[in-house]
Amino acid sequence: MKREECHRVEQERLVFELSSPARRGTKPPKLDVPRQSLEELLPQEIRRADPPPLPQVSEADVVRHFTRLSVLNHHVDRGFYPLGSCTMKYNPKFHEGLARLPGLCDLHPLQPVETIQGALRLMHRLGRWLCELAGLDAITLQPAAGAHGELTGLLMIRALLQDRGSSRTKVIIPDSAHGTNPASARIAGYQVVQVPSNPQGQVDLTALRQVLDDQVAALMLTVPNTLGIFESQIQDIAQMVHDVGGLMYMDGANLNALLGIVRPGDMGFDVVHFNLHKTFSAPHGGGGPGAGPVGVKKELAPYLPVPVVVKSQDGSCTLEHDRAKTIGKVQAFYGNFGVMVKAYAYIRHLGLEGFRRVSENAIINANYLMRRLQSTFDLPHGQHCQHEFVLSGKKFQDQGVRTLDIAKRLLDFGVHAPTIYFPLIVPEALMIEPTETESLESLDAFVEAMIQIAQEAESDPEVLKTAPHCTPVARLDEVKAARDLKLRWQPED
Ligand SMILES: *Cc1c(COP(=O)(O)O)cnc(C)c1O
């Protein structure tokens, strides 16, 4: 059978044509309320006249349907996922199990605090651990994502500066920052001032000096930056920003390059956000629940969003709502608790020494890939990298091959594509992050695939331009795919 035919068979099995009248996979329990009262509860006019047009299938049909669906898209349980900046690492299933323990996942956010002491203590301890890992004094676990943490951090900075009587207007952001940084600064009401990178891919200090004045509220630094490079002059930068009365914000979404090695607080940062759904064992993607805690130095602690988990002398915990200087609420209740449970379990599992190994493995894996691929592709910033690196696909332009084509062809090898066309400062960028959880074998398989693709770009560019060939659907109209999502099966008639 030809490849296209195989895929067609798969597609046909997926649709709901398996339905057959009166076939059943479930048996609902007997009605245990008096029919009379049900009828009182459901007035005639809102009752359904006919049964809903649901497919009628057996349990086996349903299980097969969802199992097939689960592997149509690529995911990290299926294969390598080197999506730069996203840390698509493998997260132990054990932590999922812990987050599902009934004593934790059955809690209701409106329960009285006396009845959720264990959960509050877990949050308190998680906060202390994160502060310890990052060298900070106080923390909020509430923000639901990294970008949400950025906004929360900037609102705290704004409140502190207003208290000091200096309403400043500008936030400085290097061109190697993550894209959410300027967006968050704008939403917080600041004007964004961009500073360029020098040829080494680090902040250009001369350019920075020129934009520093008494209107600077903060500098936001992504560490490591989006080129995967550690800013070696952080202490000088911090000194310069603090000298004009500004604060230092670190985008710590990619802490898997630093944990157990250096602490942001020790390098001069005043505010840092974490991405629990990248670094700390919560899976992400598809808009699932995340958590972007924000840690701060002492002077910013009064501005933390409410409620704050506080531990009293006798060891019991409370949720403090009444705080004079708080920026207010940023999230319903106290945040995404299940994500916190996974992060707490991960931290207890690894300990400080374990985190150092996490970072070392992330860095070694990235450098291994970078050195093995540097002669096949262009590597604009060739120094030692951190957890990720950025190649350029521009040398295949003569064959009419773009980075997009390389990314599409990779799908045929069972690998998710790297981040492409970002960061903007590298033309035809391929941003690759292997993460600490990949084996040497999977890294080598990736290198072989990349080398084969580079050879094809020279010898048979059409294969790349028409890729992917082995996925369930061929090349998509990506705008339509994003704007015109079909998320629900609808019966034909
Ligand atoms: C992922 C990421 C963010 C944004 O995090 P979200 O949870 O997606 O909002 C911010 N900065 C960096 C460096 C990131 O990698």
Side-chain angles (χ1 to χ4, degrees), residues 76 81-89 91 130 134 140-155 171 173-188 192 197 201-203 218-231 234 248-259 264 269 271-295 330-331 335-336 338-340 342-343 359 362 366 385-390 416 418-426 429 431-436:
V76 76
Y81 205 134
L83 189 66
S85 196
C86 293
T87 314
M88 300 303 286
K89 66 183 185 187
N91 296 295
L130 292 174
T140 175
L141 303 174
Q142 290 178 45
H148 192 193
E150 291 166 26
L151 177 63
T152 304
L154 287 164
L155 292 178
V171 168
I173 303 178
D175 61 5
S176 60
H178 193 265
T180 48
N181 293 189
S184 301
R186 281 300 297 154
I187 295 173
V192 175
S197 304
Q202 299 192 28
V203 175
L219 179 136
M220 293 180 90
L221 208 55
T222 303
V223 186
N225 67 29
T226 56
L227 294 167
I229 293 171
F230 184 76
E231 298 280 349
I234 290 176
M248 286 287 287
Y249 184 103
M250 181 174 130
D251 180 333
N254 296 309
L255 270 182
N256 62 331
L258 307 178
L259 286 171
F269 288 101
V271 187
V272 181
H273 86 257
F274 306 77
N275 272 44
L276 298 190
H277 51 289
K278 283 182 182 167
T279 320
F280 292 91
S281 193
H284 63 110
V294 184
V330 299
Q331 162 80 329
N336 286 329
V339 179
M340 298 173 203
K342 291 176 222 179
S359 301
C385 72
Q386 296 282 300
H387 64 305
E388 68 190 2
F389 60 99
V390 183
H416 193 280
T419 298
I420 55 173
Y421 301 107
F422 188 83
L424 304 173
I425 46 182
V426 172
M431 188 194 210
I432 298 169
E433 179 181 8
T435 83
E436 64 272 19

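What's counted below: heavy atoms across the whole structure, side chains too, no hydrogens, waters or symmetry copies. Note that ligands are numbered from 1 as they come in the structure, with each ligand's atoms numbered from 1 the same way.
- The salt bridge (Lys or Arg N to Asp or Glu O under 4.0 Å) check on Lys342 picks up Glu96, with sequence neighbours excluded.
- Side-chain atoms of Asn225 and Glu231 include a donor-acceptor pair closer than 3.5 Å.
- Residue-level contacts of ligand 1 at the 4.0 Å heavy-atom threshold are Ser85, Ala145, Gly146, Ala147, Glu150, His178, Thr180, Thr222, Asp251, Ala253, Asn254, Asn275, His277, Lys278.
- Shown here are the side chain to side chain contact (heavy atoms under 4.5 Å, CB included) partners of Leu151, two or more places apart in sequence or in another chain: Leu155, Ile187, Ala188.
- Glu388 contributes no side-chain N or O that, together with a main-chain N or O of Ile432, makes up a donor-acceptor pair within less than 3.5 Å.
- Side-chain atoms of Thr279 and Asn256 form no donor-acceptor pair, as typed in the model, at a separation below 3.5 Å.
- Evaluation of the side chain to side chain contact (heavy atoms under 4.5 Å, CB included) rule for Pro423 yields Thr226, Leu227, Val390, Ile425, Met431 as partners, not counting sequence neighbours.
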